[in-house]
Amino acid sequence: MLTLAPFCALLGLAATSYANPFDKQDALTDCLVGSGVPINAPGSADWKLDSAPFNLRLNYTPVAIAVPTTAKHVQDAVACAAELGIKANAKCGGHSYASFGLGGEDGHLTIEMDRMNKVVLDNSTGIATVEGGSRLGHVAWELYQQGRRGFSHGTCPGVGVGGHALHGGYGISSHTKGLALDWIVGATVVLANSTIVNCSKTENPDLFWAIRGAGSSMGVVTEFRFDTFEVPEKVTYFIAPVQWPTEARALVGVRAVQEFAKTMPMELNMRLFIAKRFINLEGLYYGDKAGLQAVLAPLQKITNATLAVATTGGWLDQIKHFGNGVNIDQGHNLAQHETFYSTSLYTKALSEEKLEQFVSYWFKQAKSNPRDWYVHIDLHGGENSAVSSQDDDSSAYAHRDYLLMYLLYDRIDKGTYPADGHTIMSNFARNITEGLPKEDWGMYINYPDSRGLMDQETAQVNYWGKNLPRLQAIKKAVDPNDVFHYPQGVLPTTDTRSL
Ligand SMILES: Cc1cc2nc3c(=O)[nH]c(=O)nc-3n(C[C@H](O)[C@H](O)[C@H](O)COP(=O)(O)OP(=O)(O)OC[C@H]3O[C@@H](n4cnc5c(N)ncnc54)[C@H](O)[C@@H]3O)c2cc1C
Ligand SMILES: *[C@@H]1O[C@H](CO)[C@@H](O)[C@H](O)[C@H]1NC(C)=O
Ligand SMILES: *[C@@H]1O[C@H](CO)[C@@H](O)[C@H](O)[C@H]1NC(C)=O
Ligand SMILES: *[C@@H]1O[C@H](CO)[C@@H](O)[C@H](O)[C@H]1NC(C)=O
Ligand SMILES: *[C@@H]1O[C@H](CO)[C@@H](O)[C@H](O)[C@H]1NC(C)=O
Ligand SMILES: *[C@@H]1O[C@H](CO)[C@@H](O)[C@H](O)[C@H]1NC(C)=O
């Protein structure tokens, strides 16, 4: 049986202590309207669409929804929020697993960016100017149409470039071509004091460093400038299912995949997708089918993976494939939702003892989960990974060096997600990290813990590791009052615990 991984399929956090922001709803609305900022009328169809979270477990009510169409509108919206002491957050594709585009709690100003989605490629320099409310599929589509160019990013067309590229952006091209944020060469940012600045390697370099990994805490990006590459003529996407019916065989299989990850060639991008009903190796190879077969053969021999799909096609073909049939060119009118708990991990290569624990938990605990769960493990690092080829402090993305990146996801198709449903996946993650030194694991803010199981101090350490002190100092300089607050974001205070 062949099943494409449903990763992209359509199928209580602590409140901050400030005066009830809803008391200021009229004042905020007056300020926005008075400044000429477009807003959604509460209860209107656009209000419902723009405030509907991707994760239906985490429904939050904004005080107001601003819908800017210009950078000036964004500046004025931030000024209104700051003046009234209301927290403000940009929302781009709205695909945060923890509804951070809505602030991750009730009572924020949502700055809905998705009407700002212009993409212009300068065909002579290869630099693309991308407005801060664009979705990934739209960006990929435009770059291809305007000059057969692209950059590496995640696979779901509806995900926003704002959230995605400002916090990492690991996609099915990243082992070959790096993170989405590696392609940012400049950005225009509205700061908490409502000034607008540009940043790049040479202009406001601290801000440029900070937005590439923790952008949501620093300001609102109205425009990105991305470098691009000429897309390859031919790539080969593949699915290689495995059958590991026993713990012993799964142990052999996972161990082999982990070993393979350490030295697999740069041209190969792959993840191990462990789901309730199937286990796949799947990915993208920069080359033809014969090249892929040669590269995968040694791993197939140990894991018994069968190459069920290996299709060579052009750039948009692989985007369509990994987008699971969702239209590539996505704009404002997208309603995509799931009901789930998810969390994430990065680790180095697991020790033999940890591998055994992993497989044991999978077979003894996770398999009894009645819901539709999966754990997918991206082969993120290794000797030949473009992500790991840069230092951990080259941007705010602190976890380049880790070999493996895990998304643990547990969802329901209908009904109510149980109050304690998260424990199966959160214990899975804890089972892996238990006893590991802190420098041996981290978490990905684009795959946040969507139950707020950590306090904010711990969350910051897990997401930003050794880069946290520098980030907090920059945050203090650009947003001392934490206007762009959300419950797992960077705080403008110094964490004094040793990292
Ligand atoms: C179906 C699906 C598939 C995914 N696939 C991948 C994948 O392959 N690889 C991967 O790495 N991740 C993936 N993700 C995770 C995704 O990268 C994150 O959820 C990302 O943060 C979503 O960005 P968004 O703009 O859609 O979300 P939003 O909820 O709009 O925003 C997320 C965060 O970014 C901030 N933000 C958004 N726009 C801006 C802006 N212009 N300026 C400043 N801050 C901004 C928000 O305030 C919020 O904190 C996937 C998520 C989903 C739901
Ligand atoms: C951009 O450049 C590519 C490659 O040189 C070319 O094929 C394409 O026609 C150009 N597009 C435009 C809009 O100029
Ligand atoms: C930022 O850079 C862009 C592109 O170079 C330029 O058009 C814009 O005026 C600059 N904005 C600011 C605020 O400096
Ligand atoms: C691969 O197949 C052989 C022969 O059936 C079997 O002995 C072995 O356990 C399998 N390995 C895995 C990892 O499934
Ligand atoms: C991890 O899971 C295994 C299998 O369920 C269990 O035996 C072990 O005690 C767990 N370890 C920790 C540290 O939770
Ligand atoms: C706004 O904040 C930035 C960053 O802290 C600072 O450099 C700038 O001077 C401030 N502008 C105004 C008008 O206060």
Side-chain angles (χ1 to χ4, degrees), residues 6-10 53-55 74 88-104 108 110-114 116 131-136 153-172 174 179-181 187 189-197 204 206-207 211 214-224 242-246 248-256 271 300-305 322-324 326 334 336-338 340 342 344 376 378 405 407 409 444-448 474 476-480 484 486 488-489:
F7 180 40
C8 193
L10 287 172
F54 177 79
N55 187 349
V74 177
N89 308 88
K91 176 168 169 276
C92 177
H95 274 50
S96 166
Y97 292 154
S99 304
F100 290 150
L102 298 169
H108 289 217
T110 298
I111 304 177
E112 173 59 78
M113 296 293 292
D114 75 356
M116 293 176 67
E131 281 191 309
S134 311
R135 295 183 195 264
L136 294 180
H153 52 71
T155 51
C156 288
V159 166
V161 75
H164 187 71
L166 290 173
H167 304 103
Y170 191 90
I172 207 69
S174 290
L179 301 165
L181 63 77
V189 187
V190 172
L191 299 175
N193 64 8
S194 75
T195 57
I196 187 162
V197 297
N204 295 307
D206 277 347
L207 181 64
I211 63 158
S216 49
S217 292
M218 302 298 156
V220 179
V221 172
T222 56
E223 192 176 283
F224 292 93
V242 297
Q243 311 280 340
W244 297 334
T246 62
R249 282 171 64 171
L251 182 61
V252 170
V254 178
R255 186 196 292 129
R271 58 189 174 214
Q300 286 180 267
K301 216 167 142 185
I302 313 176
T303 59
N304 296 338
F322 290 108
N324 260 12
V326 176
L334 176 67
Q336 198 180 13
H337 310 285
E338 296 192 357
F340 62 99
S342 63
S344 64
H376 80 46
D378 277 299
M405 176 165 98
L407 171 63
Y409 202 97
Y444 180 30
I445 184 65
N446 265 346
Y447 297 157
I474 297 169
K476 202 167 183 171
V478 297
D479 185 13
F484 301 115
Y486 63 96
Q488 298 184 37

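Every number for a ligand or one of its atoms is a count from 1 in the order of the listing.
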Non-hydrogen protein atom less than 4.0 angstrom from atom 4 (C) of ligand 4: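 Under 4.0 Å from atom 4 (C) of ligand 4, zero protein heavy atoms found.
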Heavy-atom protein neighbour under 4.0 angstrom from atom 7 (O) of ligand 6: no
Would you mind running through ligand 4 and noting each atom that sits below 4.0 Å from a heavy atom of [X]?
X: W244; answer: 13 (C), 14 (O)
X: N304; answer: 1 (C), 2 (O), 3 (C), 8 (C), 10 (C), 11 (N), 12 (C), 14 (O)
X: Q243; answer: 14 (O)

Heavy-atom nearest neighbour of [atom] within options [options]:
atom: atom 41 (N) of ligand 1; options: V221, L166, L334, L179; result: V221
atom: atom 14 (N) of ligand 1; options: F322, Y444, Y170, Y447; result: Y447
atom: atom 30 (O) of ligand 1; options: G162, C156, G101, C92; result: C92
atom: atom 23 (O) of ligand 1; options: G104, S134, A90, G163; result: G163

Do [X] and [Y] touch side chain to side chain, with heavy atoms closer than 4.5 Å?
X: L251; Y: W244; result: no
X: Y97; Y: Y409; result: yes
X: F100; Y: S216; result: no
X: L407; Y: S342; result: yes
X: L334; Y: H95; result: yes
X: L207; Y: L191; result: yes
X: M113; Y: V220; result: yes

[atom1]-[atom2] distance between [X] and [Y], expressed to the nearest 0.5 angstrom:
X: S174; Y: D378; atom1: OG; atom2: CG; result: 8.0 Å
X: N204; Y: M218; atom1: CG; atom2: CE; result: 13.0 Å
X: H164; Y: L179; atom1: NE2; atom2: CG; result: 8.5 Å
X: T303; Y: Q243; atom1: OG1; atom2: CD; result: 11.5 Å
X: L181; Y: L166; atom1: CG; atom2: CG; result: 8.5 Å

Contact with ligand 4 for I302, non-hydrogen, under 4.0 angstrom: yes
[X] near ligand 1 by a heavy-atom separation under 4.0 Å:
X: G168; result: no
X: G219; result: yes
X: G169; result: yes

Side-chain (R135) to main-chain (P157) donor-acceptor, under 3.5 angstrom: no
Under 3.5 Å: donor-acceptor pair, side chain of S99, backbone of P53: no
I'd like to check which ligand 1 atoms, numbered from 1 as shown, lie under 4.0 Å from a non-hydrogen atom of [X].
X: T155; result: 8 (O)
X: V220; result: 42 (N), 43 (C)
X: S216; result: 35 (C), 44 (N), 49 (O)

I want to know if ligand 1 touches [X] in the polar sense, i.e. an N/O pair below 3.5 angstrom.
X: R271; result: no
X: G158; result: no
X: Q336; result: no
X: G215; result: no
X: K91; result: no
X: H95; result: yes

K91 with D114: basic N within carboxylate O range, under 4.0 Å: no
Minimum-distance protein heavy atom relative to atom 14 (O) of ligand 4: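 Result: R249 NE, 2.8 Å.
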Protein contact of atom 2 (O) of ligand 6 - nearest heavy atom, named by residue and atom, plus distance: N193 ND2, 2.3 Å
Proximity of F54 and F340 rings by center, below 6.0 Å: yes
For ligand 1, the portion of H167 having any non-hydrogen atom under 4.0 Å away: side chain
Per-residue contact class, T222 against ligand 1 - non-hydrogen pairs under 4.0 Å: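 No part of T222 comes within reach of ligand 1.
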Under 3.5 Å: N/O of T195 near N/O of ligand 6: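 Looking only at distances, the answer is no, because the N/O contact criterion of under 3.5 Å is not met.
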Residue A477 vicinity, atoms of ligand 6 by number, heavy atom under 4.0 Å: 4 (C), 5 (O)
